[in-house]
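Down below is the structure, laid out as structure tokens.
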Amino acid sequence: MDAKNRFETKTTFALSRLEWLAALVVSLVLAFQHYSEIRWWVFVLLFAVIDVIGYIPGAIAYRRSPDKNIPRGYYVAYNTMHSLVTAGALAGAWALFVRPEWALLALPIHLMGDRAIFGNSLKPFGVAFEPETDPAYREFEQKYGKETARVPMEGTNAVGA
């Protein structure tokens with residue numbers, strides 16, 4: 001994937017998930033190492049708030065919608081609550097106004113778990129709120145799988161090609 005071709009193959013997506021899994025493992029190891037220092041009600045609250053605000057309302061609306069089209073606000077709520085930027089801002093504000101604490105690990109554990117285990121990231125407006133393969137992507141994937149690897153033309157610079 002690059003700035004001009006914003007798609008992923010199964011392999012590059014698996015590699016991204018592997019990176020997210022590494023971050024999840026680091027977060028889980030820290031949580032286990034500091035198990036007795038975690039205020040568990042805070043951990044559960046921080047873990048749950050992401051989906052209580054960002055996922056559950058959209059999931060309900062999606063299931064209730066006869067045509068599965070839901071307002072963009074549900075996508076915005078999902079993307080806001082499932083953003084690493086939002087999690088960082090929430091953790092920073094919590095540390096500043098409440099206190100720094102190990103319960104904040106709930107945020108990366110939730111987000112990295114979503115990405116590594118379920119393969120969920122941010123949701124574009126043009127796809128279904130719940131995961132299903134878009135017909136245009138299915139067509140692209142079938143065509144992409146049939147293509148041969150790009151090989152630089154003879155006499156060209158492979159790096160600049």
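What's counted below: heavy atoms across the whole structure, side chains too, no hydrogens, waters or symmetry copies.
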Fill in: Test side-chain contact (heavy atoms from CB on, under 4.5 Å) applied to D134 and E139, step by step
CA-CA 9 Å; D134 187 276; E139 181 182 333; over 6 Å; no
Discussion item. side-chain contact (heavy atoms from CB on, under 4.5 Å), that's the test. Do Y75 and I70 meet it? Break it down for me.
Written reply: CA-CA 9 Å; Y75 288 82; I70 61 173; 3.8 Å; yes
Item to complete: Take T80 and I53, measure what side-chain contact (heavy atoms from CB on, under 4.5 Å) needs, and give me the verdict at the end.
Response: CA-CA 9 Å; T80 300; I53 295 171; over 6 Å; no
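Between the side chain of D51 and the backbone N or O of I56 there is no donor-acceptor pair closer than 3.5 Å. A distance-only check finds no donor-acceptor pair linking the side chain of T86 to the backbone of H82 [under 3.5 Å].
Hydrophobic clustering of Ile, Leu, Val, Met, Phe, Trp and Tyr side chains at less than 4.5 Å, counting indirect connections, keeps F118 apart from L122. L24 and V29 fall within a single hydrophobic cluster, where Ile, Leu, Val, Met, Phe, Trp and Tyr side chains are chained together by heavy-atom contacts under 4.5 Å. Put simply, W102 and W41 are part of the same group of oily side chains (I, L, V, M, F, W, Y) that touch within less than 4.5 Å, one to the next. Taken together through direct or relayed side-chain contacts under 4.5 Å among Ile, Leu, Val, Met, Phe, Trp and Tyr, L18 and I109 form part of one hydrophobic cluster. Connection of L21 to L15 is not established within any shared hydrophobic cluster, with ILVMFWY side chains joined at heavy-atom distances below 4.5 Å, either directly or through further cluster members.
To the nearest 0.5 angstrom, I117 atom CD1 is 11.0 Å from M112 atom CE. Taking CG of L28 as the start and CG of L105 as the end, the distance is 8.5 Å to the nearest 0.5 Å. Rounded to the nearest 0.5 Å, atoms CD1 (I50) and CG (L111) are 4.5 Å apart. With rounding to the nearest 0.5 angstrom, the NZ atom of K123 is 8.0 Å from the CG atom of N79. Within the model, atoms CZ of R63 and CD1 of I60 stand 8.5 Å from one another, a figure rounded to the nearest 0.5 Å. In this structure, F47 CZ and L104 CG are separated by 14.0 Å, a value rounded to the nearest 0.5 Å.
The shortest distance between side-chain heavy atoms of V44 and R39 does not fall below 4.5 Å. Side-chain contact between N120 and Y55 is absent, with no heavy-atom pair separated by less than 4.5 Å.
The two residues P100 and A95 come nearest to each other via the heavy atoms CD-O, 3.5 Å. In terms of heavy atoms, E8 sits closest to S16 at OE2-OG, 3.1 Å. Closest of all the heavy-atom pairs between F129 and G58 is CE2-C, 3.4 Å. L46 approaches L107 most closely through the heavy-atom pair O-CD2, 3.8 Å.
A centroid separation of less than 6.0 Å is found between the aromatic rings of Y35 and W40.
The 12-atom threshold is exceeded at CD of E37, counting heavy atoms of other residues, nucleotides or ligands nearer than 6.0 Å. Residue F125 places its CZ atom among more than 12 non-hydrogen atoms of other residues, nucleotides or ligands, all under 6.0 Å distant.
Relative orientation of the F140 and Y137 rings is tilted, given thresholds of 30° and 60° on the angle between their planes.
Taking a cutoff of 4.0 Å between a charged side-chain nitrogen and a carboxylate oxygen, K68 and E130 do not qualify as a salt bridge.
Under the rule for a side chain to side chain contact (heavy atoms under 4.5 Å, CB included), the partners of A103 that lie at least two apart in sequence or sit in another chain are I38, V42, F43, E101.
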